[in-house]
Structure formats: structure tokens, C-alpha cells
Colleague: 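Got a structure for you, questions after.
What you are looking at is a predicted structure, and each value in this text was computed from that prediction instead of being measured. Heavy atoms only: backbone and side chains are in, while hydrogens, waters and symmetry mates are out. Lettering follows sequence order; numbering is per chain, from 1.
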2 protein chains.
Amino acid sequence: MSNAKVLPLLEADGQGVAPCCPPLTERPMTAEEAETAARMFKALGDPVRLRLFSAVASHEGGEACVCDISDVGVSQPTVSHHLKKLREAGLLTSERRGTWVYYRVEPSVLAAMGKLLTMPAAA
Amino acid sequence: MSNAKVLPLLEADGQGVAPCCPPLTERPMTAEEAETAARMFKALGDPVRLRLFSAVASHEGGEACVCDISDVGVSQPTVSHHLKKLREAGLLTSERRGTWVYYRVEPSVLAAMGKLLTMPAAA
DNA sequence: TGTCTATGTTGACGCTCATCAATACAGGTG
DNA sequence: CACCTGTATTGATGAGCGTCAACATAGACA
């Protein structure tokens, strides 16, 4: 249940975090940048994971118990597997509270991915 | 070399296009929405494709010849394969002009993906 | 016509991934 | 303690993917 930064997609800089890479449109990504960013996109590149992530992100309070979101048409072990992937990608964190485990989104990572897809100001 | 909308990730609505899905944080995605959006993220979920896409997106004029961007450490057939994937995902379009083939980004799709990652106004 | 360059396609190989059943673990309740 | 519920892990299986060498195709030019 560790929330350790298994894959540090963002780097801490004092308070808060900085995006891993510049916008895709700014300059060609380096191999290292691409490796890092691709992990994030890959994590969202599965329909089941996307639904799980969206369910957590849109849940009231910004967090959801597994039992709240596990109705996505796959078995319970598969749900657990995908949640782990999302956690390892740095998109979700988890916390056990009594009987249930709660997942919540990592907002800074979401913002960083959004910046990656930013278009130049004057298109 | 067809640019036909193999995977219509956006739907035309008069002039311009509308995003396929609401922001991930607005409400849980349906299975269909997730299927559609996951294709886009999956296409960017490979480091080589991400570098190719970034190279095209950041190239002057918003387009690039394959010869301009194919130096990403894999063989020429592999580059061609990945460019095809990006084209099929609706992220790039291609056009042959004489000897060379030029790729350019589909800006509306990029914008749609950005909106997907939008955070609620008051976090 | 033939030849050269640029790009796409085919077929095969190895690896990764999504999925499930079975099992294990954690915490609550009796 | 035993038992139940919620969640994670293990191990296996089949499908999909990234990669390359070999070949095919398209256009330019002589």
C-alpha cells in the first residue's frame, strides 16, 4: 500500500512539483523525457484504467473507496491490478482506513499532463 | 496514405470539432467514452511515438517530413509503423508531396485531450 | 526504359500486458 | 479465538505490441 514515488514523474521543487517535460509542441522531446511522459500516457491508455481513474477523480471529496468504483466489468483482482498500475504511474495514491482502501488523484500530475498537451498561444 | 477518419475520436459539428468526452474529473466515464479516449492516450503511451509526435508538433510550420524526424534510434520500418499508429489514432495526418511525405498534427485532437485532463476550476 | 531515393508493407520473433481463478492478507465482529 | 468481508498477490494463459530484415511501392531523373 506504499505511496512511495515508484516512478517519479514529477520532481519536487521546494513546495509543490514541477512538470517533467515541456509541452509537446515546444521542442522535440528527448529520449529521457519521452520515457517519463510515455509512462503517464500508457497508464491512461487502457479503457478500464481510464474508467477507474475517472471514477476516482470525479468522486465527491476527490477520493473513492475501491468498493465505490469497482463496477467496471472486470474481476476484483483485475481492478486491484489496474489500481496498482495507476498508483505506480503516480496518478493515484491509496490509503487504508479500517476495512476499506481509499484512492485519490494526484492533482499535480494531472496538471502536468495537461500542460504537455498545451497548444502554442497563437495557433 | 489515406487520412480518412479511421478512428473518429472527434465528431464534426458544423464547423470545427467537439471533444469526445467530458473532463475526467467531471463524472465517471462510460465504457464507450473510455474506449475512445484510451485509444488516444495509448497512442502517446510509447516513447518512440511520443518523440515522433513531439518532433512533428514542434517543427516549424506545424509539419515535418519523415526524413526530418526519423532519427529516434529505431529502424526506418519501425518509424513508419509508429507514424501509422499515430495517424490511425487521429493524432497526425500525412500528405505526400513529390518525393517526401509530410506529417502534421491534428490540433483539435490535441486540444480535446487537453480538456480531458482539465481540473475543476476551484480545486 | 532503368535506377536511385524515400517511404510503406509483410512476416516473424520475443516480450509485455490484460485477464482470471485461487490464494493470501488485513481488519472488523462475534 | 473463529469467521466474515474487503482488498492484494500469485500463477497461468492468450492476445497484443514493438522491433527488425526483407521486400514492395512511389516519385524523380536520366
Colleague: Counting only side-chain nitrogens and oxygens, does A:Lys85 get under 4.0 Å of the OP1 or OP2 atom of C:dA18?
Modeller: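 True: A:Lys85 side-chain N/O within range (under 4.0 Å) of C:dA18 OP1/OP2.
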
Colleague: So do A:Leu91 and A:Leu110 actually touch side chain to side chain, heavy atoms under 4.5 Å?
Modeller: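 No. Closest side-chain heavy atoms not under 4.5 Å.
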
Colleague: Nearest to the side chain of B:His82, heavy atoms from C-beta on, is which of D:dG18, C:dT16, D:dA8?
Modeller: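 Side chain of B:His82 sits closest to D:dG18.
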
Colleague: Under 4.0 Å between a side-chain N or O of A:Tyr102 and OP1 or OP2 of D:dT7?
Modeller: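 For D:dT7, neither OP1 nor OP2 has a side-chain N or O of A:Tyr102 closer than 4.0 Å.
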
Colleague: Return each pair, listed once, that meets salt bridge (charged side-chain N to carboxylate O under 4.0 Å, His left out) where at least one residue sits in residues 23-33 of chain B; pairs must be two or more places apart or across chains.
Modeller: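 Applying salt bridge (charged side-chain N to carboxylate O under 4.0 Å, His left out) to every pair that reaches into residues 23-33 of chain B, excluding sequence neighbours, yields B:Arg27-B:Glu33.
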
Colleague: Any side-chain N or O of B:Lys42 under 4.0 Å from OP1/OP2 of D:dC17?
Modeller: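 The answer is yes; a side-chain N or O of B:Lys42 sits under 4.0 Å from OP1 or OP2.
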
Colleague: Provide the full list of salt bridge (charged side-chain N to carboxylate O under 4.0 Å, His left out) pairs with a residue in residues 45-63 of chain A, sequence neighbours left out, each pair given once.
Modeller: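 Salt bridge (charged side-chain N to carboxylate O under 4.0 Å, His left out) check on residues 45-63 of chain A returns A:Glu63-A:Arg97, A:Glu63-A:Arg104.
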
Colleague: For residues 47-68 of chain A, which residues have at least one heavy atom under 4.0 Å from DNA chain C?
Modeller: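 Those residues are A:Val48, A:Arg49.
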
Colleague: Once each nucleotide of nucleotides 21-30 of chain D is scored for protein heavy atoms under 4.0 Å, what B/S/- sequence comes out, 5' to 3'?
Modeller: BB----SS--

Colleague: Is B:Ile69 close to B:Val79 at the side-chain level, that is, under 4.5 Å between some pair of heavy atoms?
Modeller: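 No, their side chains stay 4.5 Å or more apart.
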
Colleague: How close do B:Ser54 and A:Pro28 get, heavy atom to heavy atom, and via which atoms?
Modeller: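 Minimum heavy-atom separation between B:Ser54 and A:Pro28: OG-CA, 3.4 Å.
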
Colleague: Can you name the side-chain contact (heavy atoms from CB on, under 4.5 Å) partners of B:Cys67, sequence neighbours left out?
Modeller: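 With sequence neighbours excluded, B:Cys67 shows a side-chain contact (heavy atoms from CB on, under 4.5 Å) to B:Cys65, B:Trp100, given in chain and number order.
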
Colleague: In whole Å, I'd like the distance from the CG atom of B:Asp46 to the C1' atom of C:dC17.
Modeller: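 It is 14 Å, rounded to the nearest whole Å.
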
Colleague: Of the nucleotides C:dT19, D:dT9, C:dT7, which one has an atom closest to the side chain of B:Val101?
Modeller: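 Of the options given, the side chain of B:Val101 lies nearest C:dT7.
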
Colleague: Looking only at side-chain N and O atoms, does A:Lys84 come under 4.0 Å of OP1 or OP2 in D:dT9?
Modeller: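 Yes, A:Lys84 has a side-chain N/O under 4.0 Å of OP1/OP2 on D:dT9.
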
Colleague: Return the 5'-most residue of the pair A:Val74, B:Trp100 with respect to DNA chain C, ranking by each residue's nearest nucleotide.
Modeller: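 Its nearest nucleotide being more 5', the pick is B:Trp100.
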
Colleague: Categorize B:His81 for me: base, sugar-phosphate, or nothing, with a 4.0 angstrom heavy-atom threshold over every strand shown.
Modeller: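 Base contact - B:His81 has a heavy atom under 4.0 Å of at least one base atom.
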
Colleague: Under the rule for side-chain contact (heavy atoms from CB on, under 4.5 Å), what residues qualify as partners of A:Gln76, not counting sequence neighbours?
Modeller: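 Partners of A:Gln76 under the side-chain contact (heavy atoms from CB on, under 4.5 Å) test: A:Ser80.
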
